Amino acid sequence: MSPPGWRIRAGILPLDRPILLGVLNVTPDSFSDGGRHLEPGAAVDHAWRLVEEGADLIDVGGESSRPGAAPVTAREEWRRIGPVVERASELPVPLSIDTTKHEVAALALEAGAAVLNDISALQFDPRLADLAADSGAGLILMHMRGEPRTMQEDVAYDDLMGEVKADLAAAVATATARGCGRDQLVVDPGIGFGKSPRGNVALLARLPELATLGLPVLVGPSRKSFIGQLLGVPVEERLEGTLAACVAALDRGARLFRVHDVAPARRALDLAEAVRREGAGRLSAASAPVGTGQG
Ligand code: HH2
């Protein structure tokens with residue numbers, strides 16, 4: 001069982017319903033929305049739209065992590081997201097910062113960000129854990145083998161979920177050794193990061209194994225290429241696949257979802273959650289001793 005809430009800088013975020021992180025990529029080259037929100041005003045407008053559609057957090061990123069993407073410097077990353085983070089701190093929902101760089105994370109926390117989303121799970125810069133520990137920010141630890149430039153070159157694993165789980169357990173140990181509370185941590189199997197299409201499906205299927213780490217689980221299948229490969233659809237036709245992957249993940253224990261299309265995800269996941277709860281209620285009623293719960 002994952003804990004009932006996630007401690008982020010803005011307080012405790014209850015996990016009693018699916019939590020949606022709306023994606024705001026302030027990049028010229030993100031795989032599905034690159035170049036659309038480069039101008040700060042347009043980016044903040046988009047963030048407001050995501051909030052109106054039901055986002056619980058906005059995840060702001062300034063460096064694409066698509067396979068083969070070239071890295072950017074901390075200076076360039078902050079040049080892209082700094083003006084957006086500063087203006088978006090007026091939003092009614094907390095901001096998550098998708099970065100692997102200590103310098104960018106520190107500036108974002110100064111500007112009021114509440115969560116650090118590290119796609120390298122502390123492999124690139126473990127000082128992100130020090131920042132989370134000191135500030136009380138939430139910390140998302142996502143699994144990736146290697147780095148974005150080369151991660152799709154070798155997608156063979158002996159035991160994919162076993163390795164993902166062991167790597168994330170090691171990242172959790174690093175984070176707690178550097179002072180983070182377990183209640184600040186969320187784990188993510190890293191859909192699309194150094195995995196084959198079948199590997200991504202296997203990760204979703206075996207998600208309950210990741211939940212045994214005892215931390216909330218986040219997934220980010222939104223518009224990713226495994227959906228394109230499985231369904232034979234281009235990036236602009238991956239909504240149904242995204243929703244199906246999210247619902248499958250919810251049924252297997254995920255509580256947080258990083259998505260571009262917030263409104264449809266809100267509806268799909270709220271409906272799936274209602275069914276899940278009803279099922280859980282029936283199960284516990286069936287296993288309750290005779291004579292209880294009948295009024
Ligand atoms: N996926 C992407 C980026 N950040 N963070 C987490 N925690 N989980 C994910 O699955 C995840 C992530 C990649 O998607 P996107 O931001 O749309 O593309 P790009 O990296 O090209 O900007």
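Atoms within each ligand, like the ligands themselves, are counted from 1 in listed order. From a predicted model like this one, the values you see are computed outputs, not experimental measurements.
- Glu76 has a carboxylate O that lies under 4.0 Å from a charged side-chain N of Arg79, or vice versa, which qualifies the two as a salt bridge.
- The shortest heavy-atom distance from Asp98 to ligand 1 is under 4.0 Å.
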Stepwise salt bridge (charged side-chain N to carboxylate O under 4.0 Å, His left out) check, Glu209 with Arg252: CA-CA 9 Å; Glu209 292 171 49; Arg252 289 162 181 77; over 6 Å; no
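- Of the listed residues (Lys195, Gln123, Lys165), just one forms a side-chain hydrogen bond (donor to acceptor under 3.5 Å, both in side chains) with His143, and that residue is Lys195.
- Residue Arg178 places its CZ atom among more than 12 non-hydrogen atoms of other residues, nucleotides or ligands, all under 6.0 Å distant.
- Listed by number with element, the atoms of ligand 1 under 4.0 angstrom from any heavy atom of Ile119 are 4 (N), 5 (N), 12 (C).
- Among Ser65, Gly190, Gly62, Gly61, the residue whose heavy atom sits closest to atom 13 (C) of ligand 1 is Ser65.
- For atom 8 (N) of ligand 1, the nearest non-hydrogen atom of the protein is Asp188 OD2, 2.6 Å.
- Between Arg80 and Glu77 no salt bridge is recorded (no basic side-chain N to carboxylate O distance below 4.0 Å).
- Contact analysis puts Lys224 in contact with ligand 1, with a non-hydrogen atom separation below 4.0 angstrom.
- At the top of the distance list for atom 21 (O) of ligand 1, counting protein heavy atoms only, stands Ser64 OG, 2.7 Å.
- Under 4.0 Å from ligand 1, the heavy atoms of Met142 that appear belong solely to its side chain.
- Between Arg258 and Asp98, at least one side-chain N (NZ, or NE/NH1/NH2) sits under 4.0 Å from a carboxylate O, which counts as a salt bridge.
- Close approach of ligand 1 to His260 (heavy-atom distance below 4.0 Å) involves ligand atoms 17 (O).
- Residues Lys101 and Phe124 are not in side-chain contact: their nearest non-hydrogen atoms beyond the backbone lie 4.5 Å or more apart.
- The distance criterion of under 3.5 Å between nitrogen or oxygen atoms is not met by Asp33 with respect to ligand 1.
- For ligand 1 and Gly220, the ligand atoms under 4.0 Å from any heavy atom of the residue are 10 (O).
- Both Leu250 and Leu203 are members of a single hydrophobic cluster when ILVMFWY side chains are connected at heavy-atom separations under 4.5 Å.
- The closest protein non-hydrogen atom to atom 16 (O) of ligand 1 is Arg258 NH2, 2.8 Å.
- In summary, the atoms of ligand 1 found under 4.0 Å from a heavy atom of Ser30, numbered by their order in the structure, are 19 (P), 21 (O), 22 (O).
- Residue-to-ligand polar distances keep Glu63 apart from ligand 1: every N/O pair is separated by 3.5 Å or more.
- Asn25 places no side-chain N or O within 3.5 Å of a backbone atom of Thr27 that could act as its donor or acceptor partner.
- Close contacts between ligand 1 and Asn117 involve ligand atoms 5 (N), 6 (C), 7 (N) [criterion: under 4.0 Å to a heavy atom].
- Between Ile140 and ligand 1, not a single N/O pair is under 3.5 Å apart.
- You'll find the side chain of Tyr157 reaches within 4.5 Å of the side chain of Arg145, heavy atoms only.
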